[in-house]
Amino acid sequence: MSLEIKGRINQILEVTSGVSKAGKEWKKQEFVMETDDQFPRQVCFTLFNDKISLLEGLNSGEDVNVSFSVESREFNGRWYHNINAWRIDRLAPETPQDLPPEFTPDDIPPAPADQDDLPF
C-alpha cells in the first residue's frame, strides 16, 4: 500500500541506531509533519537506514509531499504501527495566482465627449 500526503515539516528528530536480534545494525530517523487539511493533523514518519538521506537539505517549516507506506506488526498480543516514508519531494512556495492585476487611475477610459446620443 502506497499513499501520499502534503504538509509542512514541524520537527526533525535525531537519528537512533541499534543492533537487531540477527546481529544486523540499523538506523532510523523520524520527522513530524502537519497536514494542510481543513482540520490539520500531525503525522510522525519513520525513515530507515539509507532512506535517512531523504531528509538532507530539508528544514522545519518547509512544505513537502511525502510518499509513504503503512505497516503493522504484532508483538506479545499488542499491535504496533509504522508509517514509513520512502520519498520526500520539496514543494515550491505557493504564489497567489487568482488575484486580479493591480488597478491604476490610468486604466480608466476617458469619458465620451457627447453624452446626448442616448436613444431615450
Side-chain angles (χ1 to χ4, degrees):
M1 172 173 35
S2 177
L3 305 165
E4 284 187 1
I5 194 167
K6 291 180 184 176
R8 177 168 287 143
I9 296 176
N10 277 355
Q11 187 177 12
I12 299 175
L13 304 173
E14 295 295 319
V15 175
T16 58
S17 61
V19 179
S20 70
K21 286 183 182 179
K24 294 183 179 181
E25 291 186 26
W26 56 267
K27 292 188 300 184
K28 81 173 183 175
Q29 187 170 15
E30 296 175 320
F31 67 98
V32 180
M33 185 181 96
E34 186 171 304
T35 64
D36 292 335
D37 299 329
Q38 179 181 1
F39 302 105
R41 301 197 190 284
Q42 292 196 15
V43 182
C44 183
F45 293 94
T46 304
L47 298 164
F48 282 102
N49 297 324
D50 60 332
K51 295 293 183 188
I52 291 174
S53 64
L54 295 174
L55 283 175
E56 288 178 5
L58 292 173
N59 298 306
S60 293
E62 289 194 64
D63 292 325
V64 293
N65 185 45
V66 179
S67 299
F68 63 97
S69 60
V70 178
E71 66 176 307
S72 301
R73 66 193 185 303
E74 186 267 336
F75 179 73
N76 289 338
R78 293 202 54 195
W79 284 90
Y80 298 89
H81 311 287
N82 282 348
I83 303 173
N84 299 319
W86 52 269
R87 182 176 173 177
I88 304 173
D89 295 317
R90 181 180 281 142
L91 298 176
E94 292 185 19
T95 56
Q97 297 183 11
D98 294 335
L99 297 177
E102 287 191 37
F103 178 76
T104 63
D106 296 335
D107 294 332
I108 300 173
D114 184 15
Q115 295 187 3
D116 291 337
D117 60 347
L118 295 175
F120 48 90

Here the pair of heavy atoms bringing Gly57 nearest to Glu62 is O-OE2, 3.6 Å
Val70 with Tyr80, same ILVMFWY side-chain cluster at under 4.5 Å:
no
To the nearest 0.5 Å, atom CG of Asp63 lies from atom CG of Asp36 at 6.0 Å
Verify the cluster assignment for Val32 and Ile5: are they in a single hydrophobic cluster under the rule of side-chain heavy atoms below 4.5 Å apart?
no
task = Apply side-chain contact (heavy atoms from CB on, under 4.5 Å) to Ile12 and Gln29, showing your working.
result = CA-CA 8 Å; Ile12 299 175; Gln29 187 170 15; 3.4 Å; yes
Could you go through residues 45-54 and list every donor-acceptor pair under 3.5 Å that involves a side-chain atom there, pairing it with any protein atom two or more places apart or in another chain?
{"residue": "Thr46", "atom": "OG1", "partner": "Glu30", "partner atom": "OE2", "Å": "3.4"}
{"residue": "Asn49", "atom": "OD1", "partner": "Lys27", "partner atom": "N", "Å": "2.9"}
{"residue": "Ser53", "atom": "OG", "partner": "Asp50", "partner atom": "O", "Å": "2.9"}

Interatomic distance, OG@Ser60 vs CG@Asn10, rounded to 0.5 Å, equals 7.0 Å
Output for pair (Arg8 CZ, Thr35 OG1), nearest 0.5 Å, gives 11.5 Å
When rounded to the nearest 0.5 Å, the distance separating CE of Met33 from CD of Gln11 is 14.0 Å
Less than 4.5 Å apart, any side-chain heavy atom of Phe31 and any of Leu58? no
By salt bridge (Lys or Arg N to Asp or Glu O under 4.0 Å), Glu34 pairs with (sequence neighbours left out) none
More than 12 non-hydrogen atoms from neighbouring residues, nucleotides or ligands closer than 6.0 Å to CD on Glu25, yes or no?
no
Same hydrophobic cluster for Leu55 and Leu13, using side-chain heavy-atom links shorter than 4.5 Å among ILVMFWY? no
Between Trp79 and Ser72, the two heavy atoms sitting closest are CE3-CB, 4.0 Å
